[in-house]
There are 2 protein chains.
Amino acid sequence: MSGNGRRQTSAEKVLGVLTLFTAERPVWSPERAAKRLNVSLATGYRYFNTLVAAGLLERLQRNRYVLGPAIVELDRQIRDADPVLREARPVMERLLARLREPAAVLLCRYYREMVMCIHQETNKTGEPVSSYERGARRPMFRGSTSKVILAHLPPRTIANLWRDHRREIATTGLGTTFEEFKASLRALRQEKVNVSSGEVDEGRMGISAPIFDANRRVTGSVSIVLLSPRMNERAIARLCTHVYSAAREIERLRGRGTGVKA
Amino acid sequence: MSGNGRRQTSAEKVLGVLTLFTAERPVWSPERAAKRLNVSLATGYRYFNTLVAAGLLERLQRNRYVLGPAIVELDRQIRDADPVLREARPVMERLLARLREPAAVLLCRYYREMVMCIHQETNKTGEPVSSYERGARRPMFRGSTSKVILAHLPPRTIANLWRDHRREIATTGLGTTFEEFKASLRALRQEKVNVSSGEVDEGRMGISAPIFDANRRVTGSVSIVLLSPRMNERAIARLCTHVYSAAREIERLRGRGTGVKA
DNA sequence: CGCAAATTTCTCGTATTTTGAGAAATTCGC
DNA sequence: GCGAATTTCTCAAAATACGAGAAATTTGCG
């Protein structure tokens with residue numbers, strides 16, 4: 001899958017430890033990690049100590065390590081500095097304010113052949129409308145949130161996705177040949193806003209529009225997620241208009257950038 | 001300040017790049033980072049490429065890098081897995097539900113000689129009650145949120161804090177000698193709940209209780225932050241009771257742990 | 001389109017680190 | 001304070017990180 005021929009650098013090996021920590025296994029010991037990474041026990045301890053020193057890992061008790069507080073702090077830095085998020089947030093709040101029914105508004109982006117949620121605004125009325133919250137990733141080929149991004153990715157990325165996910169593309173009905181796949185994407189590009197139902201969460205409807213940067217490259221999407229799949233055409237059309245203008249508004253604001261020099 | 005005599009490992013140097021990214025300077029180029037870290041330009045690029053490969057950095061445009069999406073994803077993993085946060089959340093919601101006035105409920109912890117917010121619940125009524133949100137850090141010696149943790153830190157940590165922050169401790173009125181400082185902390189330990197006003201944010205009042213783990217070591221604090229400094233004794237006493245029982249409840253729940261093996 | 005300037009990668013020999021194996025030290029539950 | 005488990009330390013061999021500058025690539029602009 002990944003991994004070109006080049007040998008890993010030492011730092012890459014150390015950072016590889018972080019990828020072991022998943023929802024299924026959020027606690028690791030140096031011993032088990034060493035076995036998994038095919039390094040000696042001593043090296044396992046060395047890697048863990050390095051990451052603990054950086055705050056990326058934290059020792060709960062002897063032999064039990066979890067992801068560390070530096071990550072929490074760094075994410076805060078990102079939320080604070082991210083110009084797209086800063087500008088999008090008030091737009092998302094206004095979009096949500098227009099909705100009477102239980103709903104969530106999502107801001108998403110492309111990351112590593114998937115789509116990741118960057119921010120969710122919700123008018124929570126008890127039950128959660130969408131489990132798609134900041135940092136969560138969803139497949140590239142299902143749900144309006146993903147599909148509007150997919151449709152506008154650069155040709156090179158599209159080709160790589162076809163190479164890596166041919167099977168999944170077929171099962172989601174986007175095509176069994178590369179030509180069919182490209183035709184599906186072309187069709188998606190025709191519609192300004194995409195509406196899909198039940199492709200990610202049962203009984204949820206998504207209405208999404210892509211967001212582009214100054215160079216007309218897609219940087220993400222804005223979406224409304226609704227509980228009720230029962231809506232008349234007219235109401236849906238109205239929401240599509242709102243989502244569309246939210247996307248354009250985010251683009252206009254984002255266009256100004258941060259002006260921060262490197 | 002930090003830095004014992006031992007030489008840095010290669011991975012430590014690479015990870016040191018991450019600490020360059022601050023709120024004041026969220027965008028860095030390999031060139032500038034290399035200068036700052038006293039390494040060659042080629043090494044600067046090598047470091048950045050390693051971090052980009054791990055997703056910890058992201059290239060915005062040529063020469064402009066920001067903290068990367070892997071951090072967002074890792075923080076999501078932490079929120080998902082952190083047993084304290086999982087158990088504390090509903091308790092915090094219930095605590096907030098008891099309050100009529102604009103308020104925030106905070107969960108905080110000790111991290112690197114400061115106190116970091118882990119979670120904030122708020123009944124937002126427009127203006128934000130507290131800017132102290134997840135990932136933000138505050139000084140160790142001001143505000144009830146910090147002080148209840150400070151008071152119960154192990155003697156070794158207390159001594160280190162005195163060594164590193166003598167000046168700050170004096171200006172916050174916690175003592176001009178180590179003996180005075182320890183006496184102040186002893187006094188803080190006497191009260192079950194601490195109330196302070198305007199020590200962090202102007203016109204804000206904090207009411208905080210420490211949270212302990214199974215070994216009676218302090219793991220953090222729960223707090224209510226209120227806008228109005230004008231409250232009668234009785235109302236405050238009532239809130240103290242609530243904060244205190246919230247802390248005890250979080251301890252009881254947390255006691256069960258995740259049961260996840262390393 | 002093509003040029004010039006800036007950015008980014010590559011090459012290479014040397015100096016420095018990293019690594020594994022096992023010994024030694026430390027920690028922790030009881 | 002004892003014994004078992006965890007964690008650090010030691011050392012020499014193997015691997016790689018490093019700087020300097022050349023080479024390649026990208027980008028802005030006419």
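Below, chain A is the first sequence line, B the second, and so on; all start at residue 1.
Side-chain N/O atoms of A:Arg46 and A:Asn49 include no donor and acceptor closer than 3.5 Å.
In this structure, B:Leu41 atom CG and D:dT25 atom P are separated by 18 Å, rounded to whole Å. When rounded to the nearest whole Å, the span between CZ of A:Arg32 and P of D:dT6 equals 12 Å. What separates CG of B:Asn38 from C1' of D:dC18 is a distance of 14 Å, to the nearest Å. Following rounding to the nearest Å, B:Glu12 (CD) and C:dT18 (P) show an atom-to-atom distance of 8 Å. Rounded to an integer number of Å, the gap from B:Gln61 CD to D:dT25 P is 22 Å. As a whole-Å value, the separation of B:Glu31 CD from D:dT26 C1' is 16 Å.
Between B:Lys13 and C:dT17 there is no side-chain N or O to OP1 or OP2 distance below 4.0 Å. In this structure, B:Asn63 does not reach the C:dA6 phosphate: none of its side-chain N or O atoms is under 4.0 Å from OP1 or OP2. Distances shown here put a side-chain N or O of A:Thr43 below 4.0 Å from the OP1 or OP2 atom of C:dG20. For the OP1/OP2 pair of D:dT8 and a distance below 4.0 Å, the side-chain nitrogens and oxygens of A:Tyr45 include no atom meeting the criterion.
A donor-acceptor contact under 3.5 angstrom links the side-chain atoms of B:Arg46 to the base of D:dG19. Counting atom types as modelled, B:Arg62 pairs no side-chain N or O with a base atom of D:dT27 as donor and acceptor under 3.5 Å.
A donor-acceptor pair under 3.5 Å links the side-chain atoms of A:Gln77 to the main chain of B:Ala23, judged by distance alone.
In this structure, B:Lys147 does not pair ionically with B:Glu191, as no charged nitrogen and carboxylate oxygen lie closer than 4.0 Å.
Atom CE in B:Met140 sits 14.0 Å away from atom OH in B:Tyr111 (nearest 0.5 Å).
Toward the 5′ end of DNA chain D lies the nearest nucleotide of A:Ala42, the other residue of the pair A:Ala11 and A:Ala42 mapping further downstream.
Residues from residues 47-60 of chain A with heavy atoms under 4.0 angstrom of DNA chain C, sorted by number: A:Tyr47, A:Arg59.
With a 6.0 Å radius and a threshold of 12 heavy atoms from other residues, nucleotides or ligands, A:Arg134 has its CZ atom above the threshold.
No side-chain heavy atom of A:Met114 sits less than 4.5 Å from a side-chain heavy atom of B:Glu73.
B:Ser208 pairs in a side chain to side chain donor-acceptor pair (under 3.5 Å) with only one of the listed residues (B:Ser221, B:Ser144, B:Ser146), which is B:Ser144.
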